[in-house]
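In what follows, chains are A, B, ... by sequence order, proteins preceding strands, each numbered from 1.
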Amino acid sequence: MLRYLARRLAFSLLLVAVVSSSALLLTLAAPGDITSEQVGTGATAQSMAAERARLGLDRSPLEQYGAWLRRAARLDFGTSLMYGRPVAGLVAERARNTLLLAVAALAVALLAGVPLGVVSGSRRGIATGAIRAVSIAAVSMPTLVSSLVLVLVAARTGWLPTGGMTSAGAAEARGWLEAAADLARHMVLPTLAIALPLAATIERLQSQATAETMGERFVTAAAARGVPPRRVLWRHVLKPSLRPVAAVFGLIFGNLLSGSFVVEIVTSWPGLGRLMFDALRSRDLYLVAGCAAAGGVFLALGALISDAALALVDPRLRGRQEVRW
Amino acid sequence: MRRAGIAMVAVVALVAVLAPALTPNQPDFRFPDRAYAPPMPVRVIDGEGRWRAPFVYPLRLADRLERRYEEDRTSPVPISWLSRGVVAQVSDGRHGPWLPLGADGSGRDVFARLVYGARLSLAVALAATLGAMLIGTLVGGIAGAAGGVVDETLMRLSDFVIVLPAMYVVLSLRAALPLVLPAAQVFALVAGILALVGWPIVARGVRAIVAAERERDYAQAALALGAGRARLLLRHLLPAARGFLAAQAALLVAAFILAEATLSFVGLGFPDPSVSWGVMLQDAANVSAMADAPWTLAPAAGIFLLVLGVNLAAPTTLSR
């Protein structure tokens, strides 16, 4: 177990280092830098050169990378060139917002997808057909489509706020309870947009796994012992059939990140995706690297949770986990 | 189900190929006084409840400030079929253009843009798919046939790429290139980037199939008869992966259409005069305008139809 954790930690650190380094190097290699946006605003060549020198952008890319690496090793991720704030604080704040969405969406997707999958996988009938049809439709609705459609519905009906994280002045004016309610209202739309296709994916996987597990001999044995069918399904079948869903958890986390990017743009959610996007566009070197590092941590966490989930549902796997990268 | 899926994909492809014959208007023409004009459906029952040959009611701008349009029910315009090289259009020019799916904020025909957009979106996705299939087959074939350290290295590499959130990789690579480029260069770059991100799944599948087939008797027999490694791979092992490759290609096209749409949606895709589904969605993404003119979201329906068709047609775990 200890060895497994050590290996997992080493791979996670490597992942974060590789991802953030490549993001930084990529941005260094890209044409233009943060001062490019000043072109045409009356800045002279001298003033721009001075600005570059002040920010240390006049050094060679390798020198800049080396300097960043030395500081990053001491957990100093630099200052955002665009916002003038420390990258660590900025990224932490936005990553929290993205995590909030991701966890909510994952919870909704699991709570909806798993039970529906068990139902549709264990019996035949109208309900199964309906669940399957809705699921296939929702699987085919990528977050770009689902978020736009939900925003359209919200905008036409006025049921929900279409964007942002808080109403103007809500946090200051009222107590924390109402602030939380306000946040929850703003979360509904982006959460649903991410959760809908995810829930459908989970439902499909769970449905097939349930159908397969139903054919196992221990299920027949349980039924033969006189265990009521409902108890067989929700006690005996459910746990082992969770394995495929648990196995794709790592990939789901990647999907959550990718999916939440679009949703954050469409619904103006101040998350990591938007921050990364803005940083990329304005060549905010250190912010790009910081966002990428946060993304790497996110992925590593996902892999860890995936392993834990697998070990939880399938005792045979305990103690011999494989690190899958 | 499979047939229905194939039919959906075929419809989209056919529409893209036949674009000029389907659209009465040019996709980039801005009709004056037609900003956010509503769709003009084909009707067969007139105001007095009588059946007639298909016709449309022309639109009249009722209020320029509120962008309110009224149907002119007094002068129905018949549709003329198969004239001037277009399947259907309205005959006389006196009543303004026929906008089957309405107009966008600049008064451009949404239907024409949807149809021409399908061309560009599909073309990019197909080019990228071709690239990803080539790289993936090559890498997977080599890994599967060679085994050992080569296999291990190549598969670790593809595992690493699979684990990364694809959209961010695409976004970072695209953003690292000059942001404003002519359309032809954007086409090549986007297709290249997508291929670069999409190959690992192909490679993994091909590797698994090739590695399994290599042990079969026929492959061993070919080796015993003196077939070289390259010949064995190309003639005997890769054909076994045909079914997998076909299904994978369909899935990749759908994924790449979506990726292009996302890129263009956030402004890193095609520049203005070119029309793709992503470009259209970017134009439509204004919340207040969207609520009043939902027909500008037509490309979202196009993406849905295509992805649904692919999901039904390709035998994946998700659609069974």
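- Listed here is the closest heavy atom pair of B:V266 and A:F277: O-CZ, 3.2 Å.
- Residue A:A137 comes nearest to B:L308 through the heavy atom pair CA-CD1, 4.2 Å, listed as atom of the first residue, atom of the second, then distance.
- For chain A, the option among B:P294, B:A284, B:A285 with the highest count of heavy-atom pairs below 4.5 Å is B:P294.
- When the candidates B:L297, B:V169, B:I162, B:V170 are compared by the number of heavy-atom contacts under 4.5 Å with chain A, B:L297 comes out ahead.
- Between chain B and the options A:P31, A:S146, A:S135, A:A292, the largest number of non-hydrogen pairs under 4.5 Å is found for A:P31.
- Scanning both residues, A:S140 and B:N311, for their nearest heavy atoms gives OG-ND2, 3.1 Å.
- Heavy atoms only, all atoms of each residue included: A:L148 and B:L281 are closest at CD1-CD2, 3.7 Å.
- The two residues B:L258 and A:P142 make their nearest non-hydrogen contact at CD2-CB, 3.2 Å.
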Next item on the list: Before giving the answer on side-chain contact (heavy atoms from CB on, under 4.5 Å), spell out for A:I136 and B:L312 the whole-Å C-alpha distance, their side-chain angles and the decisive distance to 0.1 Å.
Entry: CA-CA 8 Å; A:I136 293 179; B:L312 290 177; 3.7 Å; yes

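- Chain B forms the most heavy-atom pairs under 4.5 Å with one residue out of A:L152, A:V151, A:V266, and that residue is A:L152.
- Proximity to chain B is limited to the side chain of A:V19, based on heavy atoms less than 4.5 angstrom apart.
- Between atom CG of residue B:L173 and atom CG of residue A:L280 there is a gap of 10.0 Å, rounded to the nearest 0.5 Å.
- Of the atoms belonging to A:V288, not a single heavy atom falls under 4.5 Å from chain B.
- Of the atoms belonging to A:L144, it is side-chain heavy atoms, and not backbone ones, that fall under 4.5 Å from chain B.
- Side chains of A:V149 and B:F304 form no contact here, defined as non-hydrogen atoms less than 4.5 Å apart.
- Of all non-hydrogen atoms in B:L179 and A:R281, the two that sit nearest each other are CD1-O, 3.8 Å.
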